Structures are given as C-alpha cells and as structure tokens.
Amino acid sequence: MGIGKSRTPSINVDDMLEKAEINHEIEAEKQDADKRLAEVRKAKDALVKIHQDLQDAIKAEHDAAMILKAAIDSSGNIINGICNAIVKAERDTQFKATIRSEHLAQLQELLNQAVKAWKTVLGSHHSEQMKMLTEHESNMRKILRRNEGVWFSDFWMKVLVIFLLVYTVVLGLVVYCVT
C-alpha cells in the first residue's frame, strides 16, 4: 500500500445517504400512490356497481311504466264494457207489472176518500162564497136605498173606458218618444 491515489473510486457517503433517502421517499410515495390507486379502484368498482344498479332501476321503471300503460288501457276497456252492458241492460230489460184486483180496490177507495174530502172542502167554500155574496147584496141594497155612490150607465162606462185606453196609449207613446 502506498501513499497516493487509490485505484478504486472514492465513495461519497453523503451522496449515498441522499440516494438512500431519496429511494426511501420514492418508496413511501409509491406505497402512498398504490394505496390511493387501490382506493380509486374501489371507488371505480363502486361507481360501476351503482351505474349498473341505476341501469337496472331504469329498465325496471320502464317495464313498470309499460305495465301501467297496459293496465290503464285495460281498465278503459273494462269501463267501456261495463257502460255498454249497463246501456244494453237498460234497453233490453222489460219489467212486467201486474195489478191485482185488491190493489185496484185500494186505489178506488183512496180516490173515493179524496173525492169526499174535495166535496166537503168545495161545499164549505161554496157556503162561504154565498155568505159573502149575500152580505155584499145587503150592503148594495143599503147604498141604493140611500142613493149613495157614483153610478154610470152603460153608455158612459163605454166612453170612460175608451177615454182611459186612448189616454194610456198616448201617454205610452209620449214616454217612448222622449226616451
């Protein structure tokens, strides 16, 4: 061994430590990246599963919509059938009614009772009218005996009615023309 330069290259410990440290950091970042990559893969698998579930749900909803549409059409046909059956039943149904003689007798009895009631009511009404008429005649006789009141002959009554009619028509025309 001599003094001088050695033939082997010199080892730089600081560089080696830096390289080891860098390698260690690279390894740590690689492991961290691997963990994150695994998380991303899990998230991707979960998203793929969710996407598949959504597609299945959309297909199921479409199938349900088609089934509901068919049910609506079917219910419409059922309702039309029921309505047609009701109309046909109303048109084709004939009721047979029989009237028994005892029913006719009961009806006749009710009619007789109604006629009797009307006769009594009309009789009392007639008697009341006759009573009022006799009172009126009595009052008229008293008035005529005392020569009270205004009496018109047939001629003057006709003149008065014609005058009132002409007056009313003229008055109506005047009002109509003014407005």
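All of these numbers come straight from a predicted model, not from anything done at the bench.
Residues Asn23 and Glu27 bring no donor and acceptor atom of their side chains to less than 3.5 Å of each other. The closest side-chain donor-acceptor pair between Glu135 and Asn139, if any, does not fall under 3.5 angstrom.
Salt bridge annotation for Asp34-Lys30: absent, with no cationic side-chain nitrogen under 4.0 angstrom from a carboxylate oxygen. A salt bridge links Lys59 and Asp63; the closest N-O separation between the charged side-chain nitrogens and carboxylate oxygens is under 4.0 Å. Residues Asp45 and Arg41 are not paired through a salt bridge, judged by the lack of any N-O separation under 4.0 Å between the basic side chain and the carboxylate.
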When you look at Glu21 and His24, which way does the side chain to side chain contact (heavy atoms under 4.5 Å, CB included) test go after all the steps? CA-CA 5 Å; Glu21 203 174 288; His24 179 45; 5.5 Å; no
Mind running side chain to side chain contact (heavy atoms under 4.5 Å, CB included) on His103 and Gln106 for me, showing each step along the way? CA-CA 5 Å; His103 294 137; Gln106 287 175 349; 4.0 Å; yes
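Taken from CZ in Arg91 to CG in Asn84, the straight-line distance is 9.0 Å, to the nearest 0.5 Å. Once rounded to the nearest 0.5 Å, the distance linking CG of Leu54 with CD of Glu61 reads 11.5 Å. In this structure, CD1 on Ile78 lies 12.0 Å from SG on Cys83, to the nearest 0.5 angstrom. Rounded to the nearest 0.5 angstrom, Leu68 CG and Asp73 CG are separated by 11.0 Å. A distance of 10.5 Å separates CZ in Arg141 from NE2 in His136, rounded to the nearest 0.5 Å. How far CG of Asn80 is from OG of Ser75: 9.5 Å, rounded to the nearest 0.5 Å.
Without hydrogens or angle criteria, Thr93 side chain to Ala89 main chain gives a donor-acceptor distance under 3.5 Å.
A side-chain contact (heavy atoms from CB on, under 4.5 Å) with Val166 is found for one member of Leu164, Val169, Thr168, Val170 and no other, namely Val170. The one candidate from Gln108, Lys116, Glu109 that meets the side-chain hydrogen bond (donor to acceptor under 3.5 Å, both in side chains) condition with Asn112 is Gln108.
Considering only heavy atoms from C-beta on, Gln113 comes within 4.5 Å of Leu110 through its side chain.
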